[in-house]
Amino acid sequence: MQGRLSAWLVKHGIIHRSLGFDYQGIETLQIKPEDWHSIAVILYVYGYNYLRSQCAYDVAPGGLLASVYHLTRIESGVDQPEEVCIKVFASRRNPRIPSVFWVWKSVDFQERESYDMLGISYDNHPRLKRILMPESWIGWPLRKDYIAPNFYEIQDAH
């Protein structure tokens, strides 16, 4: 079932894939990484002026990584703002997604956390570095195939 935004994107020749609706009735769309930045700009101009959240997850051990954006269209005089969920999937070997920092500044720390925990590189992010783990940390702790270092071996080494 195609939602309102998906129909508008199709009408304007913008390539995407509809993933249906979530349990709250929010339309979910899949965008290719190479198209994400330009489509983000289009969505902003279309009225999605608020990035409510960004997160990322590991789809399956050895599989794709996903970066998820929840956008809201806030307009004066509207009681129920329109929302959309965007999913951008990236290869585990070289997970690169364009940063949308220059579209929605509020994504700054959220993309950094996704980088820190899953290793997704957000191209053109102004400060892409670890935010939760020490800079010396090796690996990506939220990947399903991550093997945590033995804490006691680390302590004994010091």
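All values derive from a computational prediction rather than experimental measurement.
- For K105, the NZ atom counts as densely surrounded, since its 6.0 Å shell holds more than 12 non-hydrogen atoms of other residues, nucleotides or ligands.
- In this structure, the side-chain contact (heavy atoms from CB on, under 4.5 Å) partners of S53, at least two apart in sequence or on a different chain, are H70, Q110.
- Residues D116 and P141 come closest through the heavy atom pair O-CD, 3.7 Å.
- With a 4.5 Å cut-off on side-chain heavy atoms, V10 and I14 do not count as touching.
- No single ILVMFWY cluster, assembled from side-chain heavy atoms under 4.5 Å apart, contains both Y57 and M117.
- By the side-chain hydrogen bond (donor to acceptor under 3.5 Å, both in side chains) test, D145 pairs with R92, sequence neighbours left out.
- Under 4.0 Å is where a charged nitrogen must lie from a carboxylate oxygen, and between D58 and R143 no such pair does.
- In the hydrophobic clustering, where aliphatic and aromatic side chains (Ile, Leu, Val, Met, Phe, Trp, Tyr) are joined below 4.5 Å either directly or transitively, I138 stands alone.
- For the pair E111 and S99, the tightest heavy-atom approach, listed with the atom from each and the gap, is OE1-OG, 2.5 Å.
- Heavy-atom contacts from other residues, nucleotides or ligands closer than 6.0 Å to CG of N124 number 12 or fewer.
- Qualifying ring pair (Phe, Tyr, Trp, His ring centres under 6.0 Å) partners for F101, counting only residues two or more places apart in sequence or in other chains: H125.
- A heavy-atom distance below 4.5 Å is found between the side chains of F89 and V59.
- Counting only heavy atoms from C-beta outward, the side chains of R130 and W137 approach each other to under 4.5 Å.
- No more than 12 heavy atoms of other residues, nucleotides or ligands lie within 6.0 Å of CZ in F109, so this atom counts as exposed by the packing criterion.
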- Item | Stepwise salt bridge (charged side-chain N to carboxylate O under 4.0 Å, His left out) test for R96 and D123 | CA-CA 7 Å; R96 302 190 79 81; D123 295 336; 2.7 Å; yes
- Task: Could you give me the CA-CA distance, side-chain angles and deciding distance for S18 and Q2, then say whether side-chain hydrogen bond (donor to acceptor under 3.5 Å, both in side chains) is met?
- Result: CA-CA 7 Å; S18 176; Q2 190 177 59; over 6 Å; no
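- Note: W104 and Y69 fail the aromatic proximity criterion, with ring centroids not under 6.0 Å apart.
- The CG atom of L43 sits 10.0 Å away from the NE2 atom of H16 when rounded to the nearest 0.5 Å.
- Here the closest non-hydrogen pair linking P81 and T72 is CB-CG2, 3.5 Å.
- Two residues are said to be in side-chain contact when any heavy atoms from C-beta on lie closer than 4.5 Å; Y48 and E82 meet this criterion.
- For the atom pair NZ of K32 and CZ of R17, the computed distance is 11.0 Å after rounding to the nearest 0.5 Å.
- When V103, V100, I86 are each tested for a side-chain contact (heavy atoms from CB on, under 4.5 Å) with L71, only one passes: I86.
- I120 and W102 fall within a single hydrophobic cluster, where Ile, Leu, Val, Met, Phe, Trp and Tyr side chains are chained together by heavy-atom contacts under 4.5 Å.
- Y146 and Y115 fall within a single hydrophobic cluster, where Ile, Leu, Val, Met, Phe, Trp and Tyr are joined by side-chain heavy atoms under 4.5 Å apart, directly or via other members.
- The minimum heavy-atom distance between W36 and P98, with the atom names listed, is CD1-O, 3.5 Å.
- Taken from CE in M133 to CD1 in I131, the straight-line distance is 13.0 Å, to the nearest 0.5 Å.
- Counting heavy atoms from C-beta outward, S6 and L29 have side chains that approach closer than 4.5 Å.
- Of the inter-residue distances, the one linking R93 atom CZ with L65 atom CG reads 13.0 Å to the nearest 0.5 angstrom.
- The shortest distance between side-chain heavy atoms of V68 and C85 falls below 4.5 Å.
- Rounded to the nearest 0.5 Å, atoms CD1 (I39) and CD (E34) are 9.5 Å apart.
- Taken to the nearest 0.5 Å, the CD1 atom of I31 stands 9.0 Å off from the CG atom of L19.
- At least one donor-acceptor pair closer than 3.5 Å links the side chain of N49 to the backbone N or O of I74.
- Under 3.5 Å, the side chains of Q54 and S114 contain a donor-acceptor pair of N or O atoms.
- Shortest non-hydrogen contact noted between R112 and L128 is CA-CD1, 4.2 Å.
- Cluster annotation: L64 and V88 are assigned to distinct hydrophobic clusters (Ile/Leu/Val/Met/Phe/Trp/Tyr, side-chain heavy-atom contacts under 4.5 Å, transitive).
- Here W8 pairs with H12, Y46 under the ring pair (Phe, Tyr, Trp, His ring centres under 6.0 Å) rule; sequence neighbours left out.
- Put simply, the side chain of S106 does not reach to within 4.5 Å of the side chain of Y50, judged on heavy atoms.
- Pairs passing the salt bridge (charged side-chain N to carboxylate O under 4.0 Å, His left out) check and including a residue from residues 47-56, sequence neighbours excluded, read R52-E83.
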